[in-house]
Amino acid sequence: MKSLTGYASLENQGEGLRWQWELRSVNGKGLDLRIRIPDWCSAMEAEMRKRVGAEIARGNVTIGLRIYADGNAPGTSIDTEHLDRTLDLLALVQERAAHRGLALGATSAADVLGMRGVLSEDARNDGMTDALSVLLLGDFDVALQAFVDSRAAEGAALSAVITRHLDAIAEQLTSIRAILPARADAQAEVLRAGMARLLETEQLDAGRLHQEAAMLAVKSDVTEELDRLDAHVAAARQLVATDVPIGRKFDFLCQEFNREANTLCSKSQHSGLTELGLEMKVTIDQMREQIQNVE
């Protein structure tokens, strides 16, 4: 089991440059990959997508690469034309915000310098070289593996939590079965008392009453719901034990869990069964919250 959230970063240097890879991900229905790298590195993007797709099935994944001139190398400067365009855009944003009555925080010089393209150290005059590409992609592989490992580590923790929820549901099913005889006795007593009152005041056919009582007993029977919940627990344990993405399947299974628990409560007619059914619904909801973060 792998988590949909993860993080990894890596810093290195070579070819007169310093760089930092950063990978992070959050929940997502599919694989949404956002790559933020310098324009002159765009030739690597297709290969990066291929490598990520081979390791990750789901999640909103953001990959960032920052490249700076080495401290020992000359050439770090400000791209004045790009700076002017950036400042014009900032002024426009401030003006439009003020027109709408919105107060924006002040933008510092450090904020401006950190914007893409302002510093020429984010660029390289001779573009991408084969040697640099090998270095960058080699480090990307290392960062990607650390990222995958972080998702696996969190997934292991999620697996333990989900297994505890399944154990709790199994225990609740055992407790429900234990109170079914008492529930049956209580239902029978209530039914007998009601039938006795009807027979005292109305001229009713006793045989017909017994037929109606049998139908009520069938309608209140919860054996099928309990059996299906047992099957859902077994299926969920099998999913937890697999090493393929299970998030979507498990989310659907949680819906089935919830449907059976709702039916159980609607058929209850017994305070003890209702209490256990509600406890089970809480456990299922807690488990489903965890499943939302599973790949």
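Hydrogens, waters and symmetry mates play no part in the numbers below; they use all other heavy atoms, side chains included.
The side chain to side chain contact (heavy atoms under 4.5 Å, CB included) check on Thr174 picks up nothing, with sequence neighbours excluded. Taking Arg164 as the reference, nothing meets the salt bridge (Lys or Arg N to Asp or Glu O under 4.0 Å) condition, with sequence neighbours excluded. Residues meeting the ring-ring contact (aromatic ring centres under 6.0 Å, His included) test with Phe147, sequence neighbours left out: none. Residues forming a ring-ring contact (aromatic ring centres under 6.0 Å, His included) with His165 (at least two apart in sequence, or on another chain): none.
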Show which side-chain atoms of residues 91-107 pair as donor or acceptor with protein atoms under 3.5 Å away, not counting sequence neighbours.
none

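Remark: the backbone N or O of Ala57 is paired with a side-chain donor or acceptor of Glu295 at under 3.5 angstrom. Between the side chain of Ser159 and the backbone N or O of Gly155 there is no donor-acceptor pair closer than 3.5 Å. Within the 3.5 Å criterion, the main-chain N or O of Leu264 finds no donor-acceptor partner in the side chain of Ser268. For the pair Arg58 (side chain) and Val294 (backbone), a donor-acceptor distance under 3.5 Å is present.
Using a 4.5 Å heavy-atom threshold, the side chains of Phe140 and Leu23 count as touching. Arg248 places a side-chain heavy atom less than 4.5 Å from the side chain of Lys29. At least one side-chain heavy atom of Ile67 sits less than 4.5 Å from a side-chain heavy atom of Leu136.
Contacts classified as ring-ring contact (aromatic ring centres under 6.0 Å, His included) and involving residues 269-295 (residues at least two apart or in different chains) are not found.
Taking the six-membered ring for Trp and thresholds of 30 and 60 degrees, Phe257 and His232 have ring planes more than 60 degrees apart, a perpendicular arrangement.
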Take Asp285 and Asn258 through the side-chain contact (heavy atoms from CB on, under 4.5 Å) test and state the conclusion after the steps.
-> CA-CA 8 Å; Asp285 286 341; Asn258 204 45; 4.2 Å; yes
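Heavy-atom contacts from other residues, nucleotides or ligands closer than 6.0 Å to CZ of Phe252 number 12 or fewer.
Here Arg18 does not pair with Asp139 in a salt bridge; the nearest charged N to carboxylate O distance is not below 4.0 Å.
Between atom CD of residue Gln290 and atom CE of residue Met1 there is a gap of 10.0 Å, rounded to the nearest 0.5 Å.
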